[in-house]
Asker: 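Can you keep this structure in mind? I'll have questions shortly.
The first residue of the sequence shown is numbered 1, and numbering continues consecutively from there.
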Amino acid sequence: PRRGNTLDQAGNKGYSRLDDGDPTSFWKSNPYLDKHFTGVDNTLHPQWIVVDFIKPKPVNALRILWGTPYATHYQIEYWDGIDPIRINENPPGKWRVFPQGSVSHRKGGTAFIKFRTQPIALRYLRILLTEASGTAPAGSSDVRDGLGFAIHELYLGKVDSKGRFQDAVKHSKSRENQTVFYTSSTDPWHRVSDLNPNTEQPGFDMIFKTGLTNNLPVMMPIALIYDTPENAGAQIRFLKSRRYPIQQIEMGEEPDGQYMTPEDYAALYTQCADVIHHIDPALELGGPGFQTAIYGWHAWPDEQANGSWMNRFMSFLRDRNRLNDFRFFSFEWYPFDNACAPTVPQLAIAPKLLRDAMRMLAKDGVPRDIPWIITEYGYSAFAGQAEVELPGAILNAEIAAQFLALGGQVSYLYGYEPNTLMKELPACDSWGNLMLFLSDDDRKIRCPMPTYYGAKLLTEEWVQPGSGEHRLYSTDSDVHNALGAPYITAFTVHRPDGKWAILILNKDSKRSHPVHIRFLNTPTGAVSGFQGRLNQVQYSPIQYAWKAHGEHGYPKRNLPPRKTELVVKPNTIYTLPPCSLTVLRGARVE
């Protein structure tokens, strides 16, 4: 109810209170970012509002209908680069203060500021709030009511030749009809009446009692960004009272997608860490649960021109001797926003995208002596047909295997629950979803999907289920497309049972490829291959084909992977069907 963002990263059915046309509603920043809780001056955690007109509008003045508490000092700024909202693409530019845009006052009410003599056409404007009144509404007994900044309504436009103010902001209680606003944070205050009855979410008891956890310690998230440290503590106490096995706590989710600065996130992180570790010092805390950013994770540059999100977050913890509270690093990986594009070029480039992202993170200072974890992964964050066809299974398998090969510790697949087809991309008539099982509208399973069979192939055929240590070996392929990207990628493990298993992915949708297998790291240094009895498991278009039919699409062929036992020699040629996953498992010549 104190929301400032027009757009969010969820259902997008809400709207900003800054331009909803209702002078009684208001946006308020998160009170836990005030010096009362952070212990540092508020200028180190300035709050902000960004206005995006989508198309440039002439502006030179604004009117602010302040709430309580209000700002006693703030700046009106413009962006001197291109598209600051695409922050993950690290756009060039900087926020600059208008010459008459630095404002101080000691009262609330309505403020009118003419920050430029003549109007200037601009798309983006930022109001940077640096000092707060610290006043609370009459009758308040909660200290948090007087912390942060509150605004009822904001008007931005130009003063015409007759001195009349012309508002360019569209005011509406609809995200489709109001001017787009972004804010630095949101007061998590809410009421029982704000519960959304149309949202279903499984409870903690249900999750632990389904068997989904396999009786292993669970990584549990807390709602750091839109909740309170006190509620985080209540959640942990509840889970421990039930004696549920929890070991790692992911502190919030997607702060980069909410345009949260690393300093603000770190301030909330340390407050929640204090509460959680007071309850159980042994719990391992980590995050930040980044959303996917192919070009790296960035924030608007600070005074030292540092735009690295993780570098600044790590510096915050280091400067306060809090590095021990950061025990693992987590991010999500959905590499392709454009699920309408052809899959073959996307599959070919996918390994490089993950490899480059992990190199950038290491360069930005993410420690390599703590676990790196992918807490969600899939083909795309948007529903598309590739996700219900073999390319989705191939990419999911590759992300899991490659992440381990690059030094990652754990990857968590997204889409366990049965689901239905969705169309999210306006550019094409593509229906799909991230799911193991296609269901009806009541979530009753209709059939397994390629991702399910691909996951079984990894966890039951490539690795040895329920066993001990596997050793992962570097594996190269010399089968490339015209651009030099590998058509075939492979991953090799030496299993506890002594067998060697190779996962091989053929991303060529048109052709089969014959391949030789050569082991180069033999005790004698000689080249060797498989010999004797070999298990071959293949999943290809022979087993699966999808019939596209809008929301009524279905598999027209849906068989499990084919298992074959072969007797082979070191020079055996293996045939990889087009668009396929293959596991070869056996003994090599020693």
Asker: Do the side chains of H513 and P578 get nearer than 4.5 Å, heavy atoms only?
Answerer: no
Asker: Looking only at heavy atoms, what is the nearest atom pair of C447 and P555, with distance?
Answerer: SG-CG, 3.7 Å
Asker: M435 versus V388: any side-chain heavy-atom pair under 4.5 Å?
Answerer: yes
Asker: Could you tell me how the ring of Y473 sits relative to the ring of W500: parallel (under 30°), tilted (30 to 60°) or perpendicular (over 60°)?
Answerer: tilted
Asker: Give a yes or no on whether N215 atom CG has more than 12 heavy-atom contacts from other residues, nucleotides or ligands under 6.0 Å away.
Answerer: no
Asker: Could you list the residues that satisfy salt bridge (Lys or Arg N to Asp or Glu O under 4.0 Å) with K556, not counting sequence neighbours?
Answerer: none
Asker: E461 and side-chain hydrogen bond (donor to acceptor under 3.5 Å, both in side chains): which partner among K563, K456, Q536?
Answerer: K563
Asker: F290 and ring-ring contact (aromatic ring centres under 6.0 Å, His included): which partner among Y334, W297, Y265?
Answerer: W297
Asker: Applying side-chain hydrogen bond (donor to acceptor under 3.5 Å, both in side chains), name anything that partners Q385, two or more places apart in sequence or on another chain.
Answerer: E389
Asker: Is there a donor-acceptor contact under 3.5 Å linking the side chains of Y226 and Q258?
Answerer: yes
Asker: State which residues pass salt bridge (Lys or Arg N to Asp or Glu O under 4.0 Å) with E551; sequence neighbours excluded, sorted by chain then number.
Answerer: none
Asker: Under a 4.0 Å threshold between the charged nitrogen and the carboxylate oxygen, would K444 count as salt-bridged to D442?
Answerer: no
